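Scroll down for the structure; my scribbles are underneath it.
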Amino acid sequence: MNKILKTHTLIITVVVVFTAGIFFKSKVLALTTEYPRYDVTVDIQKNAAFTVTENLDAVFNGYLNGIRRDITLEDDNKTKVCNSSLAYTCGGFEFLLFKGMMVNGEKTSKDKYSLYTVDNGYVKSFRIEKRLKEEEEFVVNEKYNWEIQYDVYGGIQWLRSDNNSDELFPYFYWNVFPEGRESRIEDATLTVKFPASIEVDLEKFQWHGYLLDSQITSSYDTKNNSVIFKLKSVPAQTHTTLSYQFEQNDLDRLASVEFNFKKPSLGADLYFNGFKIEALQDNKIENIPSGKYTISADRLGYNKEDYDLNLSPLSNEVIEVSLTPTPWMMLLILLNNILFVIGIVGTVIAPIFVYRKWHRKGRDIDKIQTIVPKFSPPEGVRPYLLGSIKDEKVDRRDISGTIIDLAYRGFLKIKELKKNSEYELIKLGGKQGEMLDEIESDLLKAIFDNKDKVNTKNLKSASFTNKVFNLTKDIYQKMKDDGLFVENPESTRSSYVGLGIAGTVLGLIIAVGGSVGTTVLIGELSFLTIGVALTVVGIGYLIIAQYMPAKTHKGSEVYSEIRGFKMYMETAERFRVQNLTPETFEKYLSYAIVFGIEKQWAKNFKDIYNHAPEWYEGSDITDAVLFSSFARNFASTTENTFTNVSSSSGFGSGGGWSGGGFSSGSSFGGFSGGGGGGGSVGGW
């Protein structure tokens, strides 16, 4: 029993130790940061701008890459809370200019840190980031000191002292320590420096956040006209916002600058005392402290222009930005204008060009306008060829009609197995004197494939699909080889469809993408109308593609005869044409199927045809109308075996979107709620 207990104890001990090892290992490996000290100095100037200097010590444990500081620019959630109640003061700032960084007492060069903005969908931040390790490294109690400094413009707002007063007072409202910390700050110092002309009232300071009075002590430095706050154990993940209401005339009112972009009309890059302004709203910079500034406008392809300003309180300076293009930009603008004119002319001419293309290449040669009835199909023109010539397409109906014709001529027999849905084709030798042409012979081979009988359901196979596909290509080629068409009709259509698609796509790319690209490049609204012209041509080609197969002189004659034969079949009546016989009905039924007029054809034989032909076996047939109904159903059933090839075989449808050094991470709009500033700090 003791052995069993000892064994169990050993197992439990191993499991506990192993689990604890995994747990503590993961805790050690995850990067943690402690903040023994965090000092912030806010130096407020008479012109209502202020400079923020943050100096802190951080101790890292875990895998470390570098350090970063995020300053909140926009926070959608805080903005909503702030705007939902008049009881809240909405903080924020207009923009900030980053001035530099020091690490462990040494100034960091511009190329050793990065400045950029990050956006997680609801919070947008300005990030200062510096890599400390060439590669991620595991550290234990590794301490770093770093300092950053930046100027804040528009961080002091003019607000009413109460809702019943229209007088505005300057109001400082700033979240002095980043709330995005995983651990508390052990010791913190906040120094607020005031202009010498201001008499500081300690009673006007207010702290907002999760701080106790016992955590804060304050003192006044008369020499520097500054107030020093000492804080102990500043909690993690909490706002520590300080506010101060100035007297009405303590600070100068803010000014603004508007930009009227003349050239380039779409704007240029703007630099505020050498710092690039990353964003602009309504072409205006608001809440600028009074003083002297140099604003520069620059754009690729244009000569840089400097504007020296001396802003007074409440002034609004309007700058007319008109940059001189460089020689190569002047040439590019000229070329753009020339292309615009060419495109306009081309767009007007494009429809005429397409029409002339059809007129020269797509019209039938010697087309016959007057049609007279013809009592028989053109000599040597079988149903598949007749149907292909009449609409310049090889339709499924042309093939099914040909099968009817082959049955009439004795090359196969049609046996109805299930009414209107399933048939058996029986191979025969043909009537005496009947001959097969190459297309018909290939069709029979495709159907029977060395068999004597075949069910129409078995024709839905990949093998039969490929054979019919090749057969349709042969028919198109035959139309050219027999001298009926100038070129292969399907190849002609495909060529123009390909050119039409290419022209349309290329035209749209030029008209849209090219215009956007040119607009961005030259800074002026550009529209490459030449792309529109090309698009019109492309669409035109797509339209005329179906009309471009052109018949030869011979083809026009045959087509005229086909039309005459169709006229006869549609209008034949017993009292006008006396030679209508049962043989005539069967002989031309396949052509009626191809024309799609089998009903009209059958009516002409209402009292003449009253039996089933020899090449048919199935339900009783008592007149021509019933047999034409069978023929139509058989043709439809047969055509359904071709549906899986129609999309690829050429069948017709039956008829027819700053980093680097001292660049500004500017924020126009700042963020509302919780005071400007805040954000997060730590390692990564």
Side-chain angles (χ1 to χ4, degrees), residues 343 346-365 367 384-400 439 462 465-514 528-552 554-556 558-559 562 594 596 639 642-656:
T347 302
V348 175
I349 295 177
I352 302 174
F353 171 80
V354 173
Y355 171 79
R356 287 179 58 84
K357 175 64 71 173
W358 169 82
H359 192 269
R360 288 186 290 107
K361 298 287 187 179
R363 293 198 306 164
D364 295 342
I365 299 174
K367 182 177 181 179
Y384 72 85
L385 189 57
L386 180 143
S388 302
I389 295 173
K390 72 177 176 63
D391 57 10
E392 302 173 349
K393 295 179 181 179
V394 182
D395 301 324
R396 291 174 289 181
R397 183 58 60 98
D398 302 337
I399 303 297
S400 60
I439 299 296
T465 295
N466 293 330
K467 291 175 182 178
V468 175
F469 173 64
N470 292 327
L471 191 64
T472 58
K473 294 197 298 182
D474 292 341
I475 296 174
Y476 280 120
Q477 189 60 39
K478 179 178 176 62
M479 295 162 71
K480 178 184 183 301
D481 293 343
D482 288 356
L484 302 174
F485 282 82
V486 177
E487 297 292 342
N488 182 311
E490 185 64 11
S491 298
T492 300
R493 274 191 295 267
S494 297
S495 296
Y496 281 91
V497 168
L499 290 172
I501 293 175
T504 302
V505 172
L506 182 58
L508 290 174
I509 291 174
I510 294 175
V512 179
L528 296 184
T529 52
I530 195 170
V532 177
L534 188 56
T535 301
V536 172
V537 172
I539 294 175
Y541 270 35
L542 290 173
I543 293 173
I544 68 172
Q546 304 304 315
Y547 308 99
M548 290 308 292
K551 299 180 185 70
T552 62
K554 177 183 177 181
S556 294
V558 172
Y559 179 61
I562 291 173
V594 171
E639 290 166 27
F642 309 145
T643 55
N644 58 342
V645 302
S646 61
S647 63
S648 61
S649 65
F651 272 127
S653 59

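Remember, predicted model here, so these are calculated numbers, not experimental data.
The two atoms that bring P549 and P489 nearest to each other are CG-O, 3.6 Å, heavy atoms only. A pairwise comparison of heavy atoms in A545 and V497 identifies CB-CG2, 3.6 Å as the closest pair. Annotation for K478 and L385: closest pair CE-CD2, 4.2 Å, computed over non-hydrogen atoms. Heavy atoms only, all atoms of each residue included: T492 and E487 are closest at OG1-CB, 3.5 Å. The two atoms that bring I475 and V394 nearest to each other are CG2-CG2, 3.6 Å, heavy atoms only. Shortest non-hydrogen contact noted between V348 and P351 is O-CD, 3.3 Å.
Between atom OG of residue S388 and atom NZ of residue K393 there is a gap of 11.5 Å, rounded to the nearest 0.5 Å. Separation of atoms CG (L506) and CG (L499) is listed at 12.0 Å; rounding is to 0.5 Å. Distance OG/S556 to CD1/I365: 7.0 Å, rounded to 0.5 Å.
Taking the six-membered ring where the residue is Trp, F353 and Y541 present parallel rings, their angle staying beneath 30° rather than reaching 60°.
With hydrogens and angles disregarded, a donor-acceptor distance shorter than 3.5 Å links the side chain of T535 to the backbone of L508. Within the 3.5 Å criterion, the main-chain N or O of S491 finds a donor-acceptor partner in the side chain of N488. Within the 3.5 Å criterion, the main-chain N or O of E392 finds a donor-acceptor partner in the side chain of R493. Between the D482 side chain and the M479 main chain, no donor and acceptor come within less than 3.5 Å of each other.
With contacts defined as side-chain heavy-atom distances shorter than 4.5 Å, the pair L386/V558 does not qualify. Between K551 and V486, the closest side-chain pair of non-hydrogen atoms is not below 4.5 Å. A 4.5 Å side-chain heavy-atom check between K390 and V594 finds at least one atom pair inside the cut-off.
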Could you walk me through whether T552 and F485 satisfy the side chain to side chain contact (heavy atoms under 4.5 Å, CB included) test, starting with their C-alpha distance in whole Å, then the side-chain angles of each, then the deciding distance to 0.1 Å, before giving a yes or no?
CA-CA 5 Å; T552 62; F485 282 82; 5.5 Å; no
Show your working on salt bridge (charged side-chain N to carboxylate O under 4.0 Å, His left out) between E490 and K473 and close with a plain yes or no.
CA-CA 8 Å; E490 185 64 11; K473 294 197 298 182; over 6 Å; no
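By the neighbour-count criterion of 12 heavy atoms within 6.0 Å, atom NZ of K361 is sparsely surrounded, having that number or fewer from other residues, nucleotides or ligands.
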